[in-house]
Amino acid sequence: MVSMNERFLKPYNPAETEPRIYKRWEESGYFNPDSREYPPGTEHFSIVLPPPNVTGILHVGHAMMLAIEDTMVRYHRMRGHKTLWLPGTDSAAIATQSKVESEIYKKEKKTRNDLGREELLKRIDAFTKQSHDTITGQVRAMGSSVDWSREAYTLDQKRSYAVTTAFVRMYRDGLIYRGDRIVNWDPNMQTTVSDDEIEHVEETTPFYYLKYGPFIIGTARPETKFGDKYVVMHPDDARYAQYKHRDKINVEWINGAVTATIIKDTAIDMGFGTGVMTITPWHDLTDFEIAERHDLDKEQIIDDRGLLLPIAHEFSGQHIKKARTEIVEKLQQKGLIEKIDERYIHRIAINSRGGGVIEPQIKRQWFVDVDAEFTLKDSKLDGIPSGSKTSLKETMRHVVAGGQIKIMPDRYEKVYYHWIENLRDWCISRQIWYGHRIPVWYRDAEIHCDTQAPEGEGWEQDPDTLDTWFSSSLWTFSTLGWPNATADLALYHPTNIIETSYDIIFFWVARMILMSGYLLGDIPFATVYLHGLVRDSKGRKMSKSLGNIIDPLVYIEKYGADSLRMALVVGNPPGNDLSLGEDKLKAYKHFANKVWNATRFVCMSTEKFDPGTTSELTPKDEEYLRDFNVHIEDITKEMDEKHYYLAAEKLYHYFWHTFADVILEESKPILSGTDEKAAGSRMRTLHTMLFAQLRMLHPFMPFVTEEIWSLLGNSTLLMIERWPNGY
RNA sequence: GGGCGAUUAGCUCAGUUGGUAGAGCAACGAAUUUACACUUCGAAGGUCAGGGGUUCGAGUCCCUUAUCGCCCACCA
C-alpha cells in the first residue's frame, strides 16, 4: 500500500473536491462512450436524460432524477457496457413563453402583441440561454456523467428537422388531420391546450334552475345560455313521453321568444336534476357531441377573449365573469328563475401551464388521430408483423400488454391502459409563438405539407406551433440522429430505460411509445422506471406558496453532492414519494466522512503491505472474504434488479457496521501485534475489501470515492474501473 | 362516479416467493488523549390502522371497515 496522503489528515471536504473531480471526469472524455475501445459484441446501455424545461432552475425532484440515472449509468459503465447517457433540455414551449411573457408584462407592461413575434422570440431565446446554463451547471454539480458532446435541445436544428419529418409522415399517412373540433381554449394565453394539460379545481357556485317553456333546466353558467334552442331528454324518460324527438315548441327565453326543438339522446342522465337540459354545443364537449349526433346548429356565444358576442344583445362585449350578475338579474325580472341552489360544487378546468380558466371553443386545429388505421412497415413490435394494419392506440397498448415494455412499478400499467382507453384525438396545434412551426403552407384552397416551404408566390405558413410534447415524444431517437440512419441510432436505440416522474406518464412516456411505434416500428425503451415526488421533511409537496422549494445547489454546498445523492436514493423505491429532510443529508455527509476516515486508517496500518504479493490468509480472514463475496453478489443482484434503494442502504450498512465497526476495530491489535503472518493476512483482507467497496459505492457517491481512489495513488479513474466480481 | 396507493418504533421508511418484527434519524445510558466527536459501545422502543377469513403458521394472501393521499371522468 502506498503511504498515506496528507489530505486524509483533514475531514473530507466536498466543496473543495467536487468541482475538481468533475473537471477531471469531463476532461477524460469517458462520458462519451466513443472515447474507448470495446471488444466486439460488448453489451451497450443507453438512456436519455428527460430534458428539463428551460424555464428556470432545477429543483430537488430533478436532483433525484439525476441521482438515480447517474447511479444506473455508472453501474453499467463499470460493468464494462458501452454506456451512453444523452443529455438535453426542453423548450417547453407554452410554459416558457408564458413565463417570459409574464416577466415582460411585470417589468414593462407590454404584451406579446406589443412586441411582435420576432422580438418576443428574441427575448425568449435570451431567457432560455441563461436558463440552460444554470441547468447544465446544476447537472454537473450533481456529478451526472452525461455525454455533453451529444447534448440536444428540443428546438435545435436537428430536432426541428425530426419534428417536421415526423409531422409530414403522419400527415401523409392520414394520422394528422385538420378539423373543426371542440378544443380547450385558454383565453388568457390565447391558445389551445391538450386534455392532459388541464387541471380541475373544485369551486362552490350558485346553481340556477331556469324555466325553459314547460321544462326546468339547471345550469351553473347562465351566461352561456343565450343561444340555447335545443332541449334534450332521455328517450326512455317516462316523464317526457308526450314530447317526441324533433318536436318544436315556443318558449320565452332570455332575449325573447325562441323556437326550441326537442332532442332525445341517451347521453342524458335521467336521475340528474329534472332530466332535461338545453345545450351549448360551441362551449361544451358533451353538448358538442350531442349536436354532432343529431346534426344540430352550433353557435358561438363567447369570443376568444371571454367576451360575449352580439347574440347576448345588451350584454354583448361584456366579460362572462362580470356579466353573470346582470344576466341573472334579468332572468329574475322575467320570472325565468325557478330557484337557486347556492352551494353547488362545480369543477372548473384550468390550464396547468399558464393558469387561465379554460373555455371550450370550436376551432380549426390540427389533431393526431389515435384510432386511424395505418400500415406498419418494418415492425420490430412483438405480435404486430410488418405490413399489418394497426392504430396508434393499438400499438401503444400492445407493447406494454405483451411485455415488450416493462413499467416499474407495474401497477402503473393499469393506469396506462386506462388512459389509452379514454384517449381522444390529440390536439397538437398551439397559438403561441415559441415552438416548432407547423410545416404546412396555404394558398387559397391549396395545402402544402412538407419539410420545406413550397416554391412559388403567395404561400402562407400556418402561424401555429406544435404542442411541446410533440417534439419531446421523439426524444429517444431524435437525439440519436433520426430521421438519418446514423450509427448512434442503430447502436443505442431502443434505449434500455427511461427514468422519469410518474406524473408525466401520459404527457411523455405514452407519447414516446406512440411516436416510436409509428415512426420506427419499435419501442423507445425496454423499461420505464417511474420515480415519485420529493416532499419536504413533513411530507408536504414542494411548492412556492409553502416556501419549501430548495435549490439542490444549496444542499450540495452544505453537505456535498454525494450526500444529496444518497439521501435521494436510499429508501426510495420506484413509484413512491420521498420525504427529504436535512437529517438525511447530514447522515450521509457523516457517511462520506466515515469512508474517508476508514480509508485513512487502512492506509496508516497497511503501509508495509505490498498488494503485488499475496500473503497467505488466516482462516478468519478467509471467512471474512467469503462473507464479503456474498455481500458483493447480493449488491450486484440488487443493482441488476434495479433495486438501487436497497443496494445503497446495504452498502452503507455493511461499510459502517461490519467493515468499520467490527473488522477494523478487531484489526487494531492484529496489525500492531507481533504475528506477522496474521498481520499480512489482515492487511490483504482490508485492502481487498476497501477497494471493492469503493468500486461498489462509486455509482452512488462518485465524488468521494473517486477522490479517495486518486489519493490511494491510482492514476486511472475509478469511474471506468470494473465492478467487483468476487475474491 | 371510477381507479390506485398508503396506514409497521417518536420521525422517515424497508420487509422479494407466507416461517420468531428491521434500518436510518431522533431520544436515552455509558466510554474517551481514538482512523473518524461528522466517534464508539450499550439498552430502550412496535396488538404491523380496526374487524373477519384461509393456513400448522399471516406485516405478507382473501374479504370488510376507517382515515389520509393521488390519478382519471362530458352529470348539464
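A, B, ... follow the sequence lines: proteins, then strands. Residue 1 opens every chain.
- Side-chain polar atoms of A:Tyr559 and A:Glu582 form a donor-acceptor pair below 3.5 angstrom.
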Nucleotide by nucleotide, nucleotides 12-19 of chain B touches protein heavy atoms under 4.0 Å in the pattern (B base, S sugar-phosphate only, - none) SSSS----
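- Comparing the P positions of B:C13 and B:G51 gives a spacing of 25 Å, expressed to the nearest Å.
- The aromatic rings of A:Phe628 and A:Tyr654 lie tilted to each other, with the angle between the two planes from 30° to 60°.
- A donor-acceptor contact closer than 3.5 angstrom links the side chains of A:Asp228 and A:Thr280.
- The same atom, C1', is picked in B:A14 and in B:A9; the two are 13 Å apart, to the nearest Å.
- The residue A:Tyr502 sits apart from the nucleic acid: no heavy atom pair falls under 4.0 Å.
- Ring centers of A:Trp596 and A:Phe8: under 6.0 Å apart, within the cut-off.
- B:G15 sits 9 Å from B:U60 when the C1' atoms are compared, rounded to a whole Å.
- No hydrogens or angles considered: nothing links the side chains of A:Asp237 and A:Tyr243 as a donor-acceptor pair under 3.5 Å.
- Backbone-only contact: A:His657 has heavy atoms under 4.0 Å from sugar-phosphate atoms and none from a base.
- Separating the P atom of B:G45 from that of B:G22 is a span of 14 Å, rounded to the nearest Å.
- Checked against a 6.0 Å centroid threshold, the rings of A:Phe288 and A:Trp282 do not count as neighbours.
- Counting any heavy atom pair closer than 4.0 Å across all strands shown, A:Tyr559 reaches no nucleic acid atom.
- Only the P atoms considered, B:A44 is 24 Å distant from B:U12, to the nearest whole Å.
- Between A:Tyr652 and A:Tyr588, the ring center distance clears the sub-6.0 Å criterion.
- Residues from residues 413-427 of chain A that place a heavy atom under 4.0 Å from any atom of RNA chain B, listed by number: A:Lys414, A:His418, A:Arg424.
- Using C1' as the reference atom, B:G2 and B:G59 are 29 Å apart when rounded to the nearest Å.
- Between the P atoms of B:U16 and B:C61, the separation comes to 9 Å (whole Å).
- Nucleotides B:A35 and B:A21 have their C1' atoms positioned 35 Å apart, rounded to a whole Å.
- In the displayed structure, A:Lys586 atom NZ is contacted under 6.0 Å by at most 12 heavy atoms of other residues, nucleotides or ligands.
- A ring-centre distance under 6.0 Å is not found for A:Phe226 and A:Trp253.
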